[in-house]
Amino acid sequence: MAKILLTRPKKLSQKIAKNLSQKNLSSLIQPLFSIAPIDNLQPINQKLQAVLITSSAAVFALEKLMIEKDLLILAIGQKTADKVKKLCYKNIFIANNSGDNFFRPGID
C-alpha cells in the first residue's frame, strides 16, 4: 500500500494522519519546517501602509510589533483573518488562500 507524505509541521501532520487513518489511508510524517515563537520582536517605529500575514502562526506578532488596529492587514486565508479579528483589528482583506487575490487592478 502506498503512503501519503505529510510535510506540514508535526502537530498538524499528526492531526491529518489521524484523519487519514480513519479512512484506511497510511501516511508518513516528515515536516519540512517547524514553527517556533520569536521572543525578541521590537515595535516598528516607521509608518506602514499594510501588513501581509501569510500564516495564522504569525498573527501573534501584530501586537508584539504594536501594529495599529486600523492599519490594513492582508490575510492569506480565512483562518488567519479570524485570528486577526480576535485581536480587534478592523481593516482586514482576505485573499481566499491565493496571493494572486492581493493584486487587483486599480489598487495602489
Side-chain angles (χ1 to χ4, degrees):
M1 175 194 280
K3 288 190 177 203
I4 298 169
L5 177 62
L6 302 174
T7 60
R8 303 293 297 188
K10 190 174 183 177
K11 272 187 172 179
L12 179 56
S13 288
Q14 288 171 330
K15 267 179 141 174
I16 294 169
K18 183 178 178 182
N19 289 337
L20 291 172
S21 71
Q22 292 171 350
K23 297 176 181 178
N24 295 321
L25 297 169
S26 179
S27 61
L28 172 66
I29 297 173
Q30 191 63 47
L32 292 177
F33 62 91
S34 60
I35 298 171
I38 301 171
D39 296 326
N40 61 349
L41 291 176
Q42 301 297 316
I44 295 176
N45 295 326
Q46 54 192 356
K47 186 73 174 153
L48 301 176
Q49 292 180 323
V51 173
L52 170 62
I53 306 244
T54 60
S55 168
S56 62
V59 172
F60 80 95
L62 292 172
E63 289 190 320
K64 285 200 174 224
L65 295 171
M66 299 177 76
I67 302 300
E68 298 172 18
K69 298 290 184 179
D70 60 346
L71 186 70
L72 175 60
I73 306 294
L74 304 166
I76 197 71
Q78 188 64 54
K79 181 179 170 186
T80 301
D82 290 344
K83 281 190 168 185
V84 171
K85 286 177 189 174
K86 285 182 183 176
L87 295 177
C88 298
Y89 285 86
K90 301 173 183 116
N91 191 8
I92 304 166
F93 177 80
I94 306 165
N96 295 319
N97 298 315
S98 173
D100 289 343
N101 291 329
F102 288 134
F103 301 100
R104 296 184 294 176
I107 302 287
D108 292 328

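Numbering starts at 1 and runs along the sequence shown.
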Short side-chain to backbone donor-acceptor contact, Lys69 and Leu87, under 3.5 Å
yes

Crowded around Gln49 CD? As in, over 12 foreign heavy atoms under 6.0 Å?
no

Atom CG of Leu28 and atom CD1 of Ile4: how far apart are they, to the nearest 0.5 Å?
11.0 Å

Heavy-atom nearest pair, Ile92 first then Lys85, reads CD1-CG, 3.4 Å

In Å and rounded to the nearest 0.5 Å, what is the CG to CD1 distance from Leu71 to Ile44?
9.0 Å

According to side chain to side chain contact (heavy atoms under 4.5 Å, CB included), who are the partners of Lys79, at least two apart in sequence or on a separate chain?
Ser56

To the nearest 0.5 Å, what is the distance between CG (Asp39) and NZ (Lys64)?
5.5 Å

Interatomic distance, CD1@Ile76 vs CD1@Ile94, rounded to 0.5 Å, equals 11.0 Å

I need the single residue from Ile73, Asp82, Val84 that forms a side-chain contact (heavy atoms from CB on, under 4.5 Å) with Val59. Which is it?
Val84

Pairwise distance CG(Leu20) to OG(Ser27) - rounded to 0.5 angstrom:
5.5 Å

Connected via hydrophobic side-chain network under 4.5 Å: Met66 and Leu62
no

What are the two closest non-hydrogen atoms of Leu12 and Arg8, and how far apart are they?
CD2-NE, 3.5 Å

Ala75 versus Thr80, closest heavy-atom pair with distance:
CB-CG2, 4.1 Å

In terms of heavy-atom contacts, Ile67 and Tyr89 come closest through O-OH, 3.0 Å

For the CD1 atom of Ile29 and the NZ atom of Lys3, what is their distance to the nearest 0.5 Å?
10.0 Å

With side chain to side chain contact (heavy atoms under 4.5 Å, CB included) as the test, would you mind laying out the steps for Glu68 and Lys47 before giving the verdict?
CA-CA 10 Å; Glu68 298 172 18; Lys47 186 73 174 153; 4.2 Å; yes

Just wondering, are more than 12 heavy atoms of other shown residues or ligands nearer than 6.0 Å to CD in Gln30?
no

